[in-house]
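The next block holds one structure in the form of structure tokens; read it before the comments.
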Amino acid sequence: MPPSSRLVGLLGLLLSAPLCATPLLLQGEHLSYRIDPDTLAISVDGVQVSAGQAPRQVDRLQQDTQAIRWRWPAQETRVEVLLDGEDLLLTLTSDGPRQIAWYSLPKNQTHLSMAFGEGSRFSVRDGDWLGYIGDELSELDSHHDLKLPLWSQDAGKRTYSWILQSPYDNQLSFSRKGGRLQLTASHSFSHFNRAPLEVRLNVGDDWLAGARRYREWLQAGGAWQSLADKFARIPAGRRLIGASHLYLWGDDLLDRQDVADWPGLQAKLRQKPEWLATFEAEEREALAAPSPQPWQQTLIMAGLNRLIGQQLPLPAQQGPAVQSKVLALRQQWVKGQFGQQLVARERWGQGLSLPVIEALQQAGLRKLWLGTPQWTAALQQDQALAAAKRQGYLVGSYDSYDTAIAPGDNDSWLSAQIPLELGKRCAIVEADGKPRPGFGGAGVYLNPGCALPFARERMGELAKASGINSLFLDVDGTAMASSDYSPAHQQGSAAMVAARNARLGWVGERLGLVLGSEDGNALTSKPLMFAHGVQSWGFGWTDAAMRKQAKSPYYLGKWWPDEAPQTFFQPARLKPRYLKTVFNPADRLPLYQAVFHDSVINSHHWLLDNLKFPAIREERALLGLLYNTPPLLNLSRSTLDKRLPELVRLSEQFAPLHEALWDKALVGFRWRDGAGRVQETRFSDGSRLVANFGKSTILIDGHKLPGKQLLVALKDQPVTLLKI
């Protein structure tokens with residue numbers, strides 16, 4: 001081999017060899033960042049904030065005063081770390097499809113903060129959190145499982161926040177080792193997502209610093225909109241200010257309280273054997289009772305409502321316009337057959353009904369959002385709906401376009417009644433070529449972009465046929481998305497979330513309805529005025545004691561009876577693990593409110609309303625006031641006497657606070673003691689709220705604050721106390 005060839009070969013080996021030089025420094029005005037190109041380990045002022053990954057071969061290393069750039073040749077990945085003010089901006093660019101691990105939590109960091117729901121801060125050595133995360137949250141995607149695409153870490157003084165400016169195709173993985181949680185992060189490059197990964201490292205002095213920085217970044221990019229601007233576009237949205245949120249259960253035509261003549265009704269029903277044949281055995285026994293008790297009356301009405309449905313079946317596949325006509329015919333038939341045994345027709349109904357609206361009005365409730373779990377209630381209760389709107393209430397129907405089921409599979413699941421051809425054409429296809437099973441394994445999940453024309457048509461039809469002034473569009477607000485391999489609509493998570501936003505945006509732009517959805521994820525927040533699911537988020541989905549074992553003290557209840565399903569209404573106990581991780585105020589942090597308090601009004605998931613867990617009812621109410629978020633209750637006509645006083649109490653406390661603070665940013669949070677039993681939130685106008693979750697009276701700024709009370713210090717107002 002000629003000498004020149006040997007020299008070239010030697011030079012090539014030297015250039016391709018790993019650079020194992022000492023880590024490099026980027027000096028900001030106040031912070032010093034130390035970066036190891038081999039591992040991507042990063043330190044700030046000598047404190048390690050990422051332990052990085054196993055060493056990689058490095059080449060093409062360059063540095064100037066503002067940035068360091070290099071390449072990992074074996075991974076065909078380019079890396080840049082850049083000073084951006086006092087932040088560090090990390091960018092990874094890949095030349096092909098691959099998964100790149102880039103972060104791991106160093107051992108010197110003791111606490112993590114994440115928005116599984118509203119926000120949590122927990123010790124990485126806490127036993128309950130080790131179990132909860134290890135069993136239920138060990139693998140997370142950043143765009144759906146986290147409500148904000150960021151996490152923070154601390155060991156006391158400073159908070160280090162990793163903000164995923166590229167929120168899609170990131171995987172966060174937890175593991176348990178030596179009694180400690182370990183967290184790693186990776187990013188998947190694919191033909192669905194070739195864009196660079198951008199991550200912002202922010203250093204702050206308090207636990208909300210990362211959330212505030214994320215808010216600033218959203219605002220700078222036009223991805224954040226205030227409630228004030230949303231209300232200017234749809235003025236009816238102002239009715240949400242100070243409003244409590246209710247789901248009104250029961251969409252059958254008749255309630256037991258609609259009967260004026262029980263002996264006459266019983267005799268009439270017994271006259272026709274073909275009618276009796278539709279009643280179940282226990283309903284026939286109740287029908288034979290000489291003086292039926294309330295529980296027997298409920299059974300009789302269940303049988304009668306079923307009879308009505310069989311006489312005039314609802315065409316599940318036809319949509320709201322045709323269904324409203326059938327529902328009107330049902331009312332005519334019932335009035336003709338049983339009019340003499342019933343009260344006046346306008347007073348019929350279960351959840352959304354004139355007697356319920358009157359009871360809410362008489363209780364002094366000025367502002368409410370009322371939701372119906374099925375749109376049939378809104379279609380057949382025109383007078384109740386009109387009365388609610390006259391009172392100033394918002395009335396919203398539930399709707400969804402995520403799952404399509406075959407005709408006849410479950411005709412009562414109206415939102416899933418999607419034309420068969422569309423269900424086949426728009427089904428999300430997984431990598432193995434099979435359609436992705438829908439919710440609960442039924443039917444198929446639909447690509448939101450493919451289903452958008454149908455969704456627009458049906459939503460418009462529903463709004464026109466019912467007269468609702470609000471809409472709750474399920475799932476879209478969660479930013480749930482995946483890769484779709486269908487040749488007809490192949491796309492990745494980012495495009496799928498964009499299609500969800502297009503559907504959400506159309507509701508406001510074209511229908512002018514006050515729009516809400518599930519969760520209100522950061523990535524779908526801009527079109528939304530309200531959302532349900534962040535203040536109390538789902539947990540224990542596979543826990544048999546909670547979901548299946550009816551004799552367990554932790555059982556949440558059956559999906560029965562229809563007018564007040566146990567899973568929504570039956571009080572339940574909490575396992576100690578969830579009492580600590582999901583509901584303990586000392587483990588909660590208002591991360592979501594720090595970003596969206598004056599942009600999206602957020603409350604509980606409807607499965608976990610304010611009354612679901614009696615043992616912590618006071619703590620949940622107090623936390624809602626501290627964060628300035630509305631109460632949410634499930635209500636039916638049969639539960640009015642029991643639940644209405646609780647609703648009134650919660651509303652009276654929440655409404656004036658929200659009316660004062662709805663358009664203010666939540667800018668500060670701190671513990672006023674060393675254990676998190678006393679907490680303070682601060683708003684952009686200087687207003688402060690201080691909650692004492694303990695039992696003992698404490699002194700706060702010269703004021704005595706008893707246990708389970710809230711100190712209210714609104715701008716230019718005298719300090720007052722609220723007792724829960």
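At distances below 3.5 Å, at least one donor-acceptor pair connects side-chain atoms of Asn469 with backbone N or O atoms of Val395. A distance-only check finds a donor-acceptor pair linking the side chain of Thr478 to the backbone of Val475 [under 3.5 Å]. Checking side-chain atoms of Lys367 against main-chain N and O of Gly392 turns up no donor-acceptor pair under 3.5 Å. Formation of a donor-acceptor pair under 3.5 Å by the Ser636 side chain with backbone atoms of Gly250 is not found in this model. Without hydrogens or angle criteria, Ser244 side chain to Pro631 main chain gives no donor-acceptor distance under 3.5 Å. Formation of a donor-acceptor pair under 3.5 Å by the Arg215 side chain with backbone atoms of Val595 is found in this model. Under the 3.5 Å distance criterion, the side-chain polar atoms of Ser517 are matched with a main-chain donor or acceptor of Leu473. Here the side chain of Arg637 pairs a donor or acceptor atom with the backbone of Gly349 at under 3.5 angstrom. The closest donor-acceptor contact from the side chain of Lys526 to the backbone of Leu523 lies at 3.5 Å or more, if one exists at all. A donor-acceptor pair under 3.5 Å is formed between the side chain of Ser684 and the backbone N or O of Ala665.
With 3.5 Å as the limit, one finds a donor-acceptor pair spanning the side chains of Gln361 and Gln391. Using modelled atom types and a 3.5 Å distance limit, the side chains of Thr376 and Asp251 yield a donor-acceptor pair. A side-chain donor-acceptor contact under 3.5 Å links Trp162 and Gln153. Ser161 and Arg213 share no side-chain donor-acceptor pair at under 3.5 Å.
What you find for Ile724 and Ala621 is that their closest heavy atoms are CG2-CB, 4.0 Å. Nearest approach of Ala572 to Leu556, heavy atoms of both residues: CB-CD2, 4.0 Å. When all heavy atoms of Ala594 and Ala211 are compared, the pair lying nearest together is CB-CB, 3.8 Å. The two atoms that bring Ala359 and Leu644 nearest to each other are O-CD2, 3.9 Å, heavy atoms only. Contact between Trp606 and Pro373 at its shortest, heavy atoms only, is CZ3-CB, 4.0 Å. A pairwise comparison of heavy atoms in Gly460 and Leu511 identifies CA-CD2, 3.9 Å as the closest pair.
Screening Ile698, Asn692, Asp701 for a side-chain contact (heavy atoms from CB on, under 4.5 Å) involving Arg672 leaves a single residue, Asp701. Exactly one residue among Leu622, Val690, Leu626 makes a side-chain contact (heavy atoms from CB on, under 4.5 Å) with Gln679. That residue is Leu626. Looking at Asn634, Val356, Leu360 one by one, the single match for side-chain contact (heavy atoms from CB on, under 4.5 Å) with Leu246 turns out to be Leu360. Across His245, His532, His604, Arg643, a single residue satisfies side-chain contact (heavy atoms from CB on, under 4.5 Å) together with Asp609, and that is Arg643.
Rounding to the nearest 0.5 Å gives a distance of 5.5 Å between CD of Gln653 and CG of Leu722. The CZ atom of Phe472 lies 4.0 Å from the OH atom of Tyr247; values are rounded to the nearest 0.5 Å. Residue Leu611 holds its CG atom at 7.0 Å from CG of Leu650, rounded to the nearest 0.5 Å. Note: Leu647 CG to Leu633 CG = 5.5 Å, rounded to the nearest 0.5 Å. To the nearest 0.5 Å, the span separating NE2 on His143 from CG on Leu148 amounts to 14.5 Å. In this structure, Thr567 OG1 and Leu607 CG are separated by 5.0 Å, a value rounded to the nearest 0.5 Å.
The aromatic rings of Tyr132 and Phe116 sit perpendicular to each other, their planes meeting at more than 60°, with 30° as the lower class boundary. Between His658 and His597, the ring-plane angle classifies as perpendicular under the 30° and 60° cut-offs. Relative ring orientation between Trp129 and Phe122 is described as parallel, the plane-to-plane angle staying below 30° on a 0-90° scale split at 30° and 60°.
Counting only heavy atoms from C-beta outward, the side chains of Ile468 and Trp375 never approach each other to under 4.5 Å. Taking 4.5 Å as the limit, some side-chain heavy atom of Leu623 sits within range of a side-chain heavy atom of Phe693. Taking the side chain as every heavy atom from C-beta outward, Phe539 and Lys575 never approach each other to under 4.5 Å. When side chains are defined from C-beta on, Tyr393 counts as touching Leu365, because their heavy atoms get closer than 4.5 Å. By the 4.5 Å heavy-atom criterion applied to side chains, Asp154 and Trp207 are counted as neighbours. The shortest distance between side-chain heavy atoms of Gln383 and Arg347 does not fall below 4.5 Å. Considering only heavy atoms from C-beta on, Phe530 stays 4.5 Å or farther from Ser603 through its side chain. Here the side chains of Asn501 and Pro527 are in contact, with some heavy-atom distance below 4.5 Å.
Summarising the local packing, CZ of Arg233 is surrounded by more than 12 heavy atoms from other residues, nucleotides or ligands at distances under 6.0 Å. Crowding of Asp205 atom CG: a count of heavy atoms from other residues, nucleotides or ligands under 6.0 Å not exceeding 12. Counting non-hydrogen atoms of neighbouring residues, nucleotides and ligands closer than 6.0 angstrom, the CZ atom of Arg617 exceeds 12 such neighbours. The 12-atom threshold is exceeded at OH of Tyr554, counting heavy atoms of other residues, nucleotides or ligands nearer than 6.0 Å.
Lys715 has no carboxylate O lying under 4.0 Å from a charged side-chain N of Asp685, or vice versa, which leaves the two without a salt bridge. Here Lys580 pairs with Asp587 in a salt bridge; the nearest charged N to carboxylate O distance falls below 4.0 Å. Ion pair Arg588/Glu619 not flagged as a salt bridge, since none of the NZ, NE, NH1 or NH2 atoms sits closer than 4.0 Å to an Asp/Glu carboxylate oxygen. By the 4.0 Å N-to-carboxylate-O rule, Arg503 lies too far from Asp399 to be salt-bridged with it.
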side-chain contact (heavy atoms from CB on, under 4.5 Å) for Met480 and Arg500? Distances and angles first, verdict last. CA-CA 9 Å; Met480 185 176 75; Arg500 291 194 182 281; 4.0 Å; yes
Might you work through the side-chain contact (heavy atoms from CB on, under 4.5 Å) test for Asp519 and Lys147, ending with a clear yes or no? CA-CA 7 Å; Asp519 283 358; Lys147 310 316 168 194; 3.0 Å; yes
Applying salt bridge (charged side-chain N to carboxylate O under 4.0 Å, His left out), run through Glu659 and Arg366 and close with a yes or a no. CA-CA 12 Å; Glu659 287 168 355; Arg366 298 180 297 110; 2.9 Å; yes
side-chain contact (heavy atoms from CB on, under 4.5 Å), that's the test. Do Ile357 and Leu352 meet it? Break it down for me. CA-CA 7 Å; Ile357 300 303; Leu352 180 60; 4.1 Å; yes
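Taking the centre of each ring, Phe583 and Phe613 come in below the 6.0 Å mark. Proximity of the aromatic rings of Tyr592 and Trp537 is defined here by a centroid distance below 6.0 angstrom, and this criterion is not met. In this structure, Trp151 has its ring center at least 6.0 angstrom away from the ring center of Tyr160.
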